[in-house]
Amino acid sequence: ADVLAVLAVLFGLIGSLVQGVLQLRSGMTAVFQTDPESNLVAGSIVVVLTIAFLLSASTSVDKGIRILSNINVILTVALLVFIMAFGPTRYIFETIVTSLGDYLQQIVELSFRLFPYEGLSDWSTAWTLNYFLWWLAWGPFVGIFIARISRGRTIREFCAGVILVPTLFSMFWFAVLGGSGVYIELFGAGGIAELVFQDV
């Protein structure tokens with residue numbers, strides 16, 4: 001079990017690192033016009049991320065990782081408030097209400113949909129397997145981390161801190177960023193749909 005957990009964490013970290021490096025390299029291409037296929041840029045990103053990881057991991061949970069987590073939360077909330085305040089605020093709140101209503105109306109139907117008649121069953125299987133493997137890889141790491149930071153808490157506090165608050169925040173986060181993105185695509189500069197059609 002310990003070996004499986006270590007391998008799961010290792011592959012989970014590798015998958016996340018590679019995905020993050022590819023996204024950062026694409027972002028640098030868009031902002032700084034760097035080569036989108038440059039291995040030097042990708043390698044430099046890996047080195048910087050590795051140094052940041054080693055610096056935080058070399059200290060205890062109460063020091064480095066806690067400081068890094070607090071900075072991350074502050075930056076995330078600041079970005080969220082900025083987009084909500086200076087973006088299409090009304091459209092964002094309409095998105096929240098509409099999305100929640102759609103979700104509640106369709107959760108049962110969508111939970112049982114496997115697309116056998118549309119010819120998309122292969123996609124549905126691969127997509128589901130991808131998420132299954134992703135959570136299998138991250139399960140031990142997340143479980144140990146949550147257990148560590150939940151020591152001394154009641155079951156009610158644990159459920160609120162691990163299930164309720166993250167779910168509500170995630171819904172709000174996706175509504176703000178997703179709603180803003182859809183608004184820009186429909187009423188602003190847009191261009192994302194055309195890029196997707198050119199190269200999925």
Side-chain angles (χ1 to χ4, degrees), residues 12 15-34 36 41 45 49 52 67-115 117-121 123-132 134-135 138 142 145-146 157-200:
S16 296
L17 179 64
V18 170
Q19 186 177 14
V21 167
L22 294 176
Q23 288 177 342
L24 283 170
R25 185 173 68 178
S26 295
M28 290 184 68
T29 299
V31 175
F32 302 112
Q33 288 75 44
T34 58
V41 172
I45 293 169
L49 291 176
I67 293 168
L68 195 61
S69 296
N70 289 340
I71 292 171
N72 187 33
V73 168
I74 290 167
L75 291 174
T76 300
V77 171
L79 177 65
L80 190 73
V81 170
F82 178 81
I83 292 173
M84 195 172 57
F86 296 101
T89 307
R90 178 181 167 190
Y91 190 85
I92 289 169
F93 282 104
E94 290 175 350
T95 301
I96 294 171
V97 174
T98 302
S99 300
L100 182 60
D102 289 344
Y103 178 78
L104 293 174
Q105 287 177 355
Q106 299 176 25
I107 185 169
V108 174
E109 178 189 349
L110 293 176
S111 297
F112 289 92
R113 182 175 289 177
L114 297 176
F115 303 103
Y117 310 119
E118 295 92 337
L120 296 172
S121 57
W123 172 83
S124 177
T125 302
W127 176 81
T128 307
L129 184 63
N130 178 60
Y131 275 89
F132 171 75
W134 193 264
W135 282 110
W138 274 102
V142 173
F145 181 76
I146 289 173
E157 291 171 338
F158 173 81
C159 290
V162 174
I163 300 170
L164 185 63
V165 172
T167 300
L168 293 174
F169 184 81
S170 295
M171 289 170 58
F172 198 63
W173 174 265
F174 285 116
V176 171
L177 273 80
S180 299
V182 170
Y183 184 88
I184 291 169
E185 185 67 23
L186 293 176
F187 306 111
I192 297 174
E194 288 79 3
L195 293 174
V196 173
F197 285 131
Q198 289 173 17
D199 184 359
V200 175

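Residues take their numbers from the sequence shown, with the count starting at 1.
N72 and T76 make their closest contact through O-OG1, 2.7 Å (heavy atoms, listed as atom of the first residue, atom of the second, distance). Between A85 and T89, the shortest heavy-atom contact is O-OG1, 3.7 Å. Nearest heavy atoms, R25 versus V41: CG-CG1, 4.0 Å. Residues S180 and I92 share a closest heavy-atom pair of OG-CD1, 3.5 Å.
Counted within 6.0 Å of CZ on F172, heavy atoms from surrounding residues, nucleotides or ligands total more than 12; the atom is thus considered enclosed. The environment of CZ in F169 is crowded: more than 12 heavy-atom neighbours from other residues, nucleotides or ligands sit within 6.0 Å. Atom CZ of F115 has more than 12 heavy atoms from other residues, nucleotides or ligands within 6.0 Å.
Taking CD of E194 as the reference point, atom CD of Q198 lies at 7.5 Å (rounded to 0.5 Å). The line from CE of M84 to CG of L177 is 11.5 Å long, rounded to the nearest 0.5 Å. Taken to the nearest 0.5 Å, the CD atom of E157 stands 13.0 Å off from the CG atom of L164. Here the CG atom belonging to L75 is positioned 12.5 Å from the CG atom belonging to L80, to the nearest 0.5 angstrom. Distance check: L168 CG to I163 CD1 gives 11.5 Å after rounding to the nearest 0.5 Å.
In this structure, the side chains of I146 and F158 come closer than 4.5 Å at one or more pairs of heavy atoms. Counting heavy atoms from C-beta on, the side chains of T95 and V176 never come closer than 4.5 Å.
Ring-plane geometry between F187 and Y91 is classed as perpendicular, the angle between the planes exceeding 60 degrees on a 0 to 90 degree scale with a lower cut at 30.
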